[in-house]
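Please read the structure below before turning to the comments.
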Amino acid sequence: MGESERCQLGTVGALSLSVVSSVSIVICNKALISTLGFTFATTLTSWHLLVTFCSLHVALWMRLFEHKPFDPRAVMGFGILNGISIGLLNLSLGFNSVGFYQMTKLAIIPCTVLLETLFFRKMFSRSIQFALTILLLGVGIATVTDLQLNVLGSVLSLLAVITTCIAQIMTNTIQKRFKVSSTQLLYQSCPYQALTLFITGPFLDALLTNQNVFAFKYTPQVLVFIVLSCLISVSVNFSTFLVIGKTSPVTYQVLGHLKTCLVLAFGYVLLHDPFSWRNIFGILIALVGMILYSYFCSVENQQKATEASSQIPQVKESESDPLLSVESGTGLVADNVAPKAPVWSSDKDLRA
């Protein structure tokens, strides 16, 4: 098996792991938050990151990967920014309607495209832009319901979109700039993310739920689901860094909307969530957009590879990645914030 085939297989594996683990944690967290009443999403995320760091520390002790320190200021800034973006998304989820929160998530792709175009001079063809438009239209039809605007919620959503885009772009650029793997970056940034959320989590959760996480009654069933959620989060966090490192932030967001469609479908099949023809129609349109995105990017990457091989025997880094494309770089915290009862709807994504 050649190098390109191995890289292709690795990317497919990373994408599959990201989808399976993200959908699994959404279902787990829905049961934990909606059914068992554990509505402390931000605090739960800090536990996810703490367990992820401990798991990676054990893997390092077993020499499953090599520790590669690099610029500590970059690591600290990246970790804190990731933590802040998660907190802002949770606040946006609490202070906005379901529809406006879904619009916030849809805004991440065009914002990422804009930032990469302005600051990294990346070019997105009309075909790619058309495919992304179809995708966003489909997800919007399937998920966006009401649009109730308020000043505070709008500001929080704007800040959440900006910080999330920057954090995901940094995930990709840091891995390539410092030549570190996704595992090495996740291991070094996890403590800062966990600490940021561990300190702010109880206050944010109290603000959103009017409950104290430390006063909650932890039954054996609740503890089992918390442990299961934390274990799944290790895979979610690892696959997030891996996918962004091997592809691009835009591709990761496209994959995220695929997960949203799968969550809607699984929710209908397994949890008997309400489902309408509008959901089905929107999901079908979104799938068409994803297929077009992957196809157009594959064609463009093949053209660039052909042009590069005819001039210089060197593969040029792709500027836009399909769901099954590979970049020359090595391969966050996932898109899973569970709805709280009664304020958060079960249709909202759960952030690991």
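Here the structure is a predicted model, which means the values were calculated and not measured.
- For His57, the side chain to side chain donor-acceptor pair (under 3.5 Å) partners are Tyr187, not counting sequence neighbours.
- Shown here for Lys176 and Gly245, the closest heavy-atom pair between the two residues is NZ-O, 2.9 Å.
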task: Show the numbers, then the answer: is there a side-chain contact (heavy atoms from CB on, under 4.5 Å) between Phe53 and Leu186?
output: CA-CA 8 Å; Phe53 174 73; Leu186 180 59; over 6 Å; no
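- Here the OG1 atom belonging to Thr104 is positioned 8.0 Å from the CG atom belonging to Leu89, to the nearest 0.5 angstrom.
- Side chain to side chain, Thr251 and Tyr293 meet the donor-acceptor criterion of an N or O pair below 3.5 Å.
- Applying the side chain to side chain donor-acceptor pair (under 3.5 Å) test to Thr43 and every residue at least two apart in sequence or in another chain returns Asp205.
- Across every non-hydrogen atom of Ser233 and Cys230, the tightest pair is OG-O, 2.5 Å.
- Of the N and O atoms on the side chains of Ser182 and Gln175, not one donor lies less than 3.5 Å from an acceptor on the other residue.
- Applying the side chain to side chain contact (heavy atoms under 4.5 Å, CB included) criterion to Ser235, with sequence neighbours excluded, gives Leu17, Ser21.
- Residues satisfying the ring-ring contact (aromatic ring centres under 6.0 Å, His included) test with Phe178, not counting sequence neighbours, are Phe70.
- Contact detail for Ile80 and Tyr192: the closest heavy-atom pair is N-CB, 4.2 Å.
- Linking Ile, Leu, Val, Met, Phe, Trp and Tyr whenever their side-chain heavy atoms come within less than 4.5 Å leaves Phe238 and Leu231 in two separate clusters.
- Residue Phe124 holds its CZ atom at 8.5 Å from SG of Cys297, rounded to the nearest 0.5 Å.
- If you chain together ILVMFWY residues whose side-chain heavy atoms come under 4.5 Å of each other, Leu64 ends up grouped with Val58, Trp61, Met62.
- Residues Ile84 and Leu50 do not share a hydrophobic cluster, defined by chaining ILVMFWY side chains whose heavy atoms lie under 4.5 Å apart.
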- prompt: Taking it one step at a time, do Arg121 and Glu116 satisfy side-chain contact (heavy atoms from CB on, under 4.5 Å)?
  reply: CA-CA 6 Å; Arg121 298 294 187 267; Glu116 290 195 311; over 6 Å; no
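- The shortest non-hydrogen separation linking Lys68 to Gln184 is CB-NE2, 3.5 Å.
- Contacts of Leu292 classified as side chain to side chain contact (heavy atoms under 4.5 Å, CB included), with partners at least two apart in sequence or in another chain: Phe130, Ala131, Val288, Phe296.
- Side-chain atoms of Asn172 come within 3.5 Å of backbone atoms of Ile244 as a donor-acceptor pair (strictly under, hydrogens ignored).
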Which pairs would a plain distance check flag for residues 217-228, meaning a side-chain donor or acceptor within less than 3.5 Å of a matching protein atom at least two apart in sequence or in another chain?
residue	atom	partner	partner atom	Å
Tyr218	OH	Val213	O	2.7
Thr219	OG1	Val222	N	3.3

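- With sequence neighbours left out, the side chain to side chain donor-acceptor pair (under 3.5 Å) criterion links Ser16 to no other residue.
- Asn90 CG to Thr45 OG1: the interatomic distance, rounded to the nearest 0.5 Å, is 5.5 Å.
- Under the 4.5 Å side-chain heavy-atom criterion for grouping Ile, Leu, Val, Met, Phe, Trp and Tyr, Ile25 is not connected to Val20 through any hydrophobic cluster.
- For Gln253, the side chain to side chain donor-acceptor pair (under 3.5 Å) test picks out Gln168, with sequence neighbours left out.
- Looking only at distances, no side-chain donor or acceptor of Ser34 sits under 3.5 Å from a matching main-chain atom of Ala31.
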field: Full working for side-chain contact (heavy atoms from CB on, under 4.5 Å) between Ile128 and Glu300
entry: CA-CA 10 Å; Ile128 298 298; Glu300 291 183 9; 3.6 Å; yes
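- Scored by the ring-ring contact (aromatic ring centres under 6.0 Å, His included) test, Phe40 finds Phe38, Phe216 as partners (sequence neighbours excluded).
- Looking at Asn29 and His48, their side chains come closer than 4.5 Å, going by heavy atoms from C-beta outward.
- With a 4.5 Å cut-off on side-chain heavy atoms, His257 and Leu136 count as touching.
- Hydrophobic clustering (side-chain heavy atoms under 4.5 Å, transitive across Ile, Leu, Val, Met, Phe, Trp, Tyr) keeps Phe203 apart from Trp47.
- Shown here for Leu60 and Glu66, the closest heavy-atom pair between the two residues is CD1-C, 4.3 Å.
- Leu106 and Pro110 get closest at one heavy-atom pair: O-CD, 3.1 Å.
- Met290 and Ile134 fall within a single hydrophobic cluster, where Ile, Leu, Val, Met, Phe, Trp and Tyr are joined by side-chain heavy atoms under 4.5 Å apart, directly or via other members.
- Side chains of Lys30 and Thr35 form no contact here, defined as non-hydrogen atoms less than 4.5 Å apart.
- One finds the OG1 atom of Thr196 at 9.5 Å from the CG atom of Leu81 (value rounded to the nearest 0.5 Å).
- Note that the CD1 atom of Ile169 and the OH atom of Tyr252 stand 14.0 Å from one another [nearest 0.5 Å].
- Scored by the side chain to side chain contact (heavy atoms under 4.5 Å, CB included) test, Leu195 finds Ile199 as partners (sequence neighbours excluded).
- Within the structure, the side chain to side chain donor-acceptor pair (under 3.5 Å) test picks out no pair touching residues 127-141 (sequence neighbours left out).
- Of the candidates Val51, Thr200, Ile86, Leu197, Leu197 is the only one forming a side-chain contact (heavy atoms from CB on, under 4.5 Å) with Ser46.
- If you check the side chains of Ser157 and Ser154, you find no donor sitting under 3.5 Å from an acceptor.
- Ser229 contributes atom OG, which lies 6.5 Å from atom CG of Leu32 (distance to the nearest 0.5 angstrom).
- Formation of a donor-acceptor pair under 3.5 Å by the Arg278 side chain with backbone atoms of Ile141 is found in this model.
- Distance alone, capped at 3.5 Å, places no donor-acceptor pair between the Ser92 side chain and the Leu88 backbone.
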